[in-house]
Protein chains: 2
Amino acid sequence: MSVAIALTTIRPLERETLGDRVYGHLRELLMAGRLAPGDKLSLRGTAEVMGVSMMPVREAVSRLVADRALEVAPNRAVRVPIMTVSQFRELTTVRIEIEGFAAQRAATAASADDIARIATLESAFRALSLLVRPDLAEAVRLNKDLHFAIYEATGLPTLAEIIGALWLKAGPVLNLDLGANPDRLATGGAVRFHADALAAIRAGDGPAARAAIAADIRGAADFIIARGGLAAA
Amino acid sequence: MSVAIALTTIRPLERETLGDRVYGHLRELLMAGRLAPGDKLSLRGTAEVMGVSMMPVREAVSRLVADRALEVAPNRAVRVPIMTVSQFRELTTVRIEIEGFAAQRAATAASADDIARIATLESAFRALSLLVRPDLAEAVRLNKDLHFAIYEATGLPTLAEIIGALWLKAGPVLNLDLGANPDRLATGGAVRFHADALAAIRAGDGPAARAAIAADIRGAADFIIARGGLAAA
DNA sequence: AAACCATAACTGTGATCACAGATCACGGCA
DNA sequence: TGCCGTGATCTGTGATCACAGTTATGGTTT
């Protein structure tokens, strides 16, 4: 009997369909920058790679297309959107406002547990960034976890989901670039801005938290725009 | 030759698939409150009603589920999510912040054409609201067009899309309630708040525009919460 | 007349087939 | 040798079939 209870307890309240699994996988690839802007991907090809039929891939891709994380070209080719400089500027503007608001709100709404989790991730990211040859994939993951630990501390899950959609669009540009310029981890101000954000949240200082996150976003965006790797239009 | 040029000019750059069409149709139904929270809808049933096979409906529904505008219950039933009071409060908080920011930005970024369009819609909404027996569906449409005329005047299409997703969630609650309480059109402050917003945008006063839109959102939300028709939890 | 159980009719999910159109490579022509 | 046309191949989209599970229904029994 106890075994049966344990099983029913473990079973997730919503079972995960194959489409959900494929969606999660593609989402991770996009956020981590493993898929570069312009990369094409075929439904049948990815279906074969993932060992499923075309249907779950179709469902996952249609979701990502709806969120503008992927696009279907008029040629009927699914690819990661190629972002122009002005589109990237617009996305950065929206991110600074929305993520800035989230940080501000987190400063006054975060629980002690939230702050502890944020502090742990900040410490881990800082330690990793100062290594001579840091694991970039791990750095990307820690950076994401740190940011979303802050955003989820707002108590506004809708807001965190919106920001997730924004990161899905920005991921290919941001993290692909990071692979080409690993120095940004150390020379960029991310470590300092994260520390500022943590201190502001600890102090309950909303405006300071907003400023720190805004500076973090702006710093990375300016670096990428300066590199000039984005499309012209 | 001139005929060929004319044809290539007329042809839409992105052809619309059946899935897109079904998505647009369901989206309108949700935003207009024609689908109430808790309403179930079957893939085969709606497919037959719309005269297509199940596939386009599947794609459209999967998109709406991804955006939390629909949900699939563990029973494998697709339905409009039933919103609790706390969820509605959270959604309202996010809307006030994001739509408020958009209004603020529109006040400084709107072009003369943008302002003219906003003024036209404001006038039409006001005229309709003051009728003794206004067409509710038309009022909902005008209200939506007016708000999005403001949001699109920001020059930030990403922001307008985010707000569209928020309206998709709020639509069933807001506009279904409006059908039950048509008086809200006249007694609620919508007409006044819209006029305030237009005046602020004309004056380039960002904070005032933000305050007007925030008051508009809060007014409708408070009215609905006071009615007590939402789920308890 | 009320309760209960079996069966039939639905549900979404996944796989497979069909089709129009675009891409690409290969072979023939200039 | 360079260019163009043409067929094979691959693309996403739509339809249909199969399946496991839930819901509703109708008949039987107490």
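Within every chain, numbering begins at 1; the chains are lettered A, B, ... in the order of the sequence lines, protein sequences first and strands thereafter. These numbers were taken from a predicted model, which means no experiment stands behind them. We use all heavy atoms of the structure for the numbers below, so side chains are in, but hydrogens, waters and symmetry mates are not.
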Quick note, side-chain hydrogen bond (donor to acceptor under 3.5 Å, both in side chains) partners involving residues 164-176 of chain A, not counting sequence neighbours, are Glu99(A)-Trp167(A)

Looking at residues at least two apart in the chain, or sitting in another chain, which of them share a side-chain hydrogen bond (donor to acceptor under 3.5 Å, both in side chains) with Arg117(B)? none

Restricting to side-chain hydrogen bond (donor to acceptor under 3.5 Å, both in side chains), what partner residues turn up for Thr92(B), sequence neighbours left out? none

Can you give one letter per nucleotide of nucleotides 8-19 of chain C, 5' to 3': B if a protein heavy atom sits under 4.0 Å from the base, S if only from the sugar-phosphate, - if neither? ---BBBBB--B-

Round to the nearest Å and state the distance from Arg79(B) atom CZ to dT22(D) atom C1'. 14 Å

If a pair satisfies side-chain hydrogen bond (donor to acceptor under 3.5 Å, both in side chains) and one of its residues is in residues 50-60 of chain B, list it, with sequence neighbours excluded. Glu59(B)-Arg63(B)

Sequence-distant partners of Asp67(A), side-chain hydrogen bond (donor to acceptor under 3.5 Å, both in side chains), two or more places apart: none

